[in-house]
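Computed from a predicted structure; not experimentally measured.
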Amino acid sequence: MTRPFIEHVNVTVSDPERSAALMAAIFGWRERWRGPARDGGTTIHVGSDSAYVALYTGPGGAHAAQRYPKGEPLNHVGIQVDDLDAIEAEVIAAGLEPFAHADYDPGRRFYFLDPDGIEYEVVSYAAVQPATG
């Protein structure tokens, strides 16, 4: 039997096209699906073959100001990567600001906010390579 794992996270954004392009640029993800969503909205799924982020906006662009009875707040979305420095360079290239860098067992991490204020934690558990020179 397969162990449970997170298959997707669904977040409300103001512009799914922009958010999907951002996730593709930073993480190298691909668009898996797009189409109509609940209440006349639109969703784009972007991620890998095994997991994705669903980027939803309501009809007419209704987005983050709307509150849902399912619960809040979402603190952040955690993304595991192999090369933390390369991903940080992509975040900066996208015009976003990494913050709260931390190196502690079992890994290294930083955070950034997307244009809708959604916080992402980027973490790497790869062994830190000693500087050469």
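- Looking at residues two or more places apart in sequence or on another chain, you find a side-chain contact (heavy atoms from CB on, under 4.5 Å) between S124 and V81, L84, A126.
- Under the rule for a side-chain contact (heavy atoms from CB on, under 4.5 Å), the partners of A54 that lie at least two apart in sequence or sit in another chain are H8, N10, T43, H45, Y52.
- Remark: E90 pairs with no residue by the side chain to side chain donor-acceptor pair (under 3.5 Å) rule, at least two apart or across chains.
- Taking A102 as the reference, Y104, R109 meet the side-chain contact (heavy atoms from CB on, under 4.5 Å) condition, with sequence neighbours excluded.
- Cluster note: F99 groups with Y111, L113 through ILVMFWY side-chain heavy atoms spaced under 4.5 Å, whether in direct contact or through intervening members.
- Here the closest heavy-atom approach between residue P98 and residue L96 is recorded as CD-O, 3.5 Å.
- The side chain to side chain donor-acceptor pair (under 3.5 Å) test applied to Y120 returns no partner, not counting sequence neighbours.
- Without hydrogens or angle criteria, D116 side chain to I118 main chain gives no donor-acceptor distance under 3.5 Å.
- Around atom CD of E97, no more than 12 heavy atoms belonging to other residues, nucleotides or ligands sit under 6.0 Å away.
- At a threshold of 4.5 Å between non-hydrogen side-chain atoms, the residues P115 and L22 count as touching.
- Remark: F112 CZ to E121 CD distance equals 11.0 Å, nearest 0.5 Å.
- Across every non-hydrogen atom of P16 and T42, the tightest pair is CG-O, 4.3 Å.
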Could you list the donor-acceptor pairs under 3.5 angstrom formed between side-chain atoms of residues 24-31 and any protein atom two or more places apart in sequence or on another chain?
{"from": "R30", "atom 1": "NH2", "to": "D49", "atom 2": "OD1", "distance (Å)": "2.5"}
{"from": "E31", "atom 1": "OE1", "to": "R34", "atom 2": "NE", "distance (Å)": "3.4"}
{"from": "E31", "atom 1": "OE1", "to": "R34", "atom 2": "NH2", "distance (Å)": "2.7"}
{"from": "E31", "atom 1": "OE2", "to": "R34", "atom 2": "NE", "distance (Å)": "2.7"}

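- Residues satisfying the salt bridge (Lys or Arg N to Asp or Glu O under 4.0 Å) criterion with R32, sequence neighbours excluded, are absent altogether.
- In this structure Q80 satisfies the side-chain contact (heavy atoms from CB on, under 4.5 Å) test together with V123, Y125, sequence neighbours excluded.
- Hydrophobic cluster membership differs between V11 and I44, with clusters built from Ile, Leu, Val, Met, Phe, Trp and Tyr side chains linked at under 4.5 angstrom.
- Applying the salt bridge (Lys or Arg N to Asp or Glu O under 4.0 Å) criterion to D85, with sequence neighbours excluded, gives R108.
- You'll find the side chain of Y56 reaches within 4.5 Å of the side chain of D39, heavy atoms only.
- In the hydrophobic clustering (ILVMFWY side chains linked at under 4.5 Å, chained through shared members), F5 stands by itself.
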